[in-house]
Amino acid sequence: MVPLWMFLTAAAGLFAIGAYGVLSRRNAVAILMSVELMLNAVNINLVAFWRFQTPMDMSGQAFAAFVFVVAAAEAAVGLAIIISVYRGRRSVTVDDVDLLRW
Amino acid sequence: MDRTIGTLIKIAVPIVIGVVVILILNSITSASCLNDFEGCLVDGGMDTDLAGLIAISLGVVLVATFPLLVTILLIWIERKFAARIQDRIGPNRVGPIGLVQPLADVVKLLGKEDITPAGADKWLYNASPVMMVMSVLLIWAVMPLTPYHYGIDLEIGILYFIAVASIGTLAVIMAGWSSNNKYALLGAFRVVAQLISYEVPLALALLVPVMLAGSMSMVGIVEAQAGMWFLFSAPIAAFLFFISSQAETGRAPFDLLEAESELVAGYNIEYSGMKFAMFFAGEFMHVFTNGVLMAVIFTGGWYGPFAREAPLLAFTYLMLKSGFWYLLSLLMRNALPRVRIDQLMTFNWKFLVPLSIANLLMTAFLLKLVQEGGLAPSPEEASDFIANIPQTVVLFLGNVALAAFVMTLIRNQGREERLAEDAGEPSDLTVTPAPAGD
Amino acid sequence: MNVLSEWAFIGVFFVLAPVLPALPIAIGGILSPRKPNAIKQATYECGVETVGDTWVQFKVQYYIYGLVFLIFDVEMVFLFPWALAYGQLDFFAFGAGLLFIFLLTDALIYTWRKDALEWA
Amino acid sequence: MTFGDLTYEAFAFGFFTILTLGGALGVVANRNLVRGAVWLIVSLFGVAGYFVLLSAPFLAAVQVLVYIGAIGILFTFAVMLTRSMTNLNERYNQQWWIAAVTSIALFGMLVLLVILPVFGEQETAVSDVVATTADLGVALVSGDAYVLPFEVASLLLTAAMIGAIVIAREEE
């Protein structure tokens, strides 16, 4: 059986890579992809602790399902904002979008 | 007089051969080593895990090669069937009645040159035909072929099937993008829009058998149909599943995948040789797999008299039922005109999705009503025909009522449009002619 | 660990499934002649020279379809366990499911009235 | 056939880690965003493999269905719509090395504070009785467990859908 700390280190690594992606990329869509990675890391942790601590009850899987909902809603609305920003400003690099009103 | 004898012989001979083959195969499968292959290996001195792995991979190879071999036969059946509908003979030169024609095609395709377009994205370009066929092959891992022989009984069979079907959609996007061709990209996006919108009614329609069977595993669904087929207690769900699975493979009236009038033959324009053939092998296999799924989920898979005693007889039941659905989809493919992309989308979002939601809710309500009212068959007598009749009658009547309601809705809608057209001003819901742009 | 041995079959299947279609492609690659030249490899535009590189101004329509599919897909995530356990549940569960589906159908009705689902 | 001994499972875990972390690196450091979306899908397949190893098959299928089937395609559409797929030469902004340092520090902090305390003892799971999907179904709608978040989730989805459509098709 793969021990718990292996899953946690892998999830921490994924979370760190996602954080690096968010902080360093210029393109808004790439930033959103990295946010998806971070959400996945959270999901791995949730399910890992559920499997090792309390596999009998349902809290782990239910929480992971709700993380799916939030991630899907966030991706949908985030990409819609990026598309309308692109329509207004013809560019998606995050540095150009600096004025509060365009 | 001798012509009728000739045709009689022509029909009798294959049936006799079929029966003989079934008997021989039935006797072979009872041989000791074939049944418990892993035991055989372990006695032969191999350590248990390696034996386990080899037994699994042998099972996988057996389950995966069956659809590939059937596809070769399907190509012949399709061409013969289409020919007969268009009142011509179809392939009959190569082999007795053209049976060797598909093999000749394969050999010709092996010899064709594979041209990779300049600027194509190497990895994605080569991966997408393989992914297209893979997404269909993976469905066969959970298919219950006979009471005792099936790939694996996954506890989440149906969800696994829908998840694997979405890999096919990815293959289309990767094919469209990686062949570095404007029209291939446009064609790929139109096809992906069709595939993803028809996956919604497919998934909603599959909720009803899961609700009726109380389990998501394919073997559980087939066992739950021992008493009554789900086709009779949920006909609207069967109709929805059949229509959206046809659209999911890009067949029949929803033929945008490689329609002749399509933009330069759709997304697989830059493919040639064996890769091009793989796209079509994937599509033929997908249509046959949908036929088998229709048989497994809605018409009681391998169930039939004496199915449990003779597994091969059960397998022939399954093949007969899926053959029926497969020929029905062939008939649809050859008889119906192609649907335009905007009618396709309006049909899905304005008719199939609302109908599937209404059907789901109606079935849920009636099922609860039946259980409260005590009409439902108790678990131990769930598999005999008589006990299932009251629940099935109630559900069937519910489906008929919903269908009648939807028909009157459409009729009024049509009448209102005709009145509007006579009065000269188009009502807001008439289908506008196809836009000039993309 | 019965769950894992069940999925070992799927794991081996995932490994073998790409191999089986890749075999004919590889054989085709070996057997078929290989004489690439510029004309053959030009992208096929019904014979016309290609204009501009491979991007085309896309309509937002594709994004709307993807979005509505995503929302209904996530709805599926909740409806499958509900449908699975429907036998042992009572009328309250039907009410909860009804409200859940009703809210999402309400979103669909909104998109229908706003003509967001039209293809044009 | 027993399959649970360490060698096969550890091998599967290693393979899925390579998939996940390799895909994540591909997402962060790619030149052409469409390939970035493909790397994202590869990494999500790895996460689905993790859920299988953690014997949560329902979540693995949902992960493939929702993330790869819907969000992956949505990202490909968005990349096409915003024409950000032509290879972007300056991928990173100026302070990319600060970002690198902070993320490494974040990883170190996570390892130190979260994983070290758990390092030794959690070798095997508490018990092998795993709750099935039917229990999840019952829990989602039973009064005392998750019925309120269940309804709020559908409200959130409706709001996300209507909001995204209003924003996305603003100009017609």
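Numbers restart at 1 for each chain; the letters A, B, ... are given by sequence-line order, proteins then strands. All values derive from a computational prediction rather than experimental measurement.
Counted within 6.0 Å of OH on B:Tyr148, heavy atoms from surrounding residues, nucleotides or ligands total more than 12; the atom is thus considered enclosed. Residue B:Trp349 places its CH2 atom among more than 12 non-hydrogen atoms of other residues, nucleotides or ligands, all under 6.0 Å distant.
Interface residue D:Phe45: only side-chain heavy atoms are found under 4.5 Å from chain B. Of the atoms belonging to B:Ile156, it is side-chain heavy atoms, and not backbone ones, that fall under 4.5 Å from chain D.
With contacts defined as side-chain heavy-atom distances shorter than 4.5 Å, the pair B:Ile196/D:Phe77 qualifies. D:Val79 is not listed as a side-chain neighbour of B:Trp177, based on a closest heavy-atom distance of 4.5 Å or more.
Here the CD1 atom belonging to D:Ile73 is positioned 7.5 Å from the CD atom belonging to B:Glu199, to the nearest 0.5 angstrom. Rounding to the nearest 0.5 Å places CG of D:Leu65 at 11.0 Å from CZ of B:Phe161.
When each of B:Leu154, B:Thr169, B:Ile173, B:Ile167 is scored by its heavy-atom pairs under 4.5 Å with chain D, the top score falls to B:Ile173.
The two residues D:Ala61 and B:Ala163 make their nearest non-hydrogen contact at O-CB, 3.8 Å.
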Subject >> Derivation of the side-chain contact (heavy atoms from CB on, under 4.5 Å) call for D:Arg35 and B:Trp123 >> reply: CA-CA 10 Å; D:Arg35 210 171 265 180; B:Trp123 279 99; 5.6 Å; no
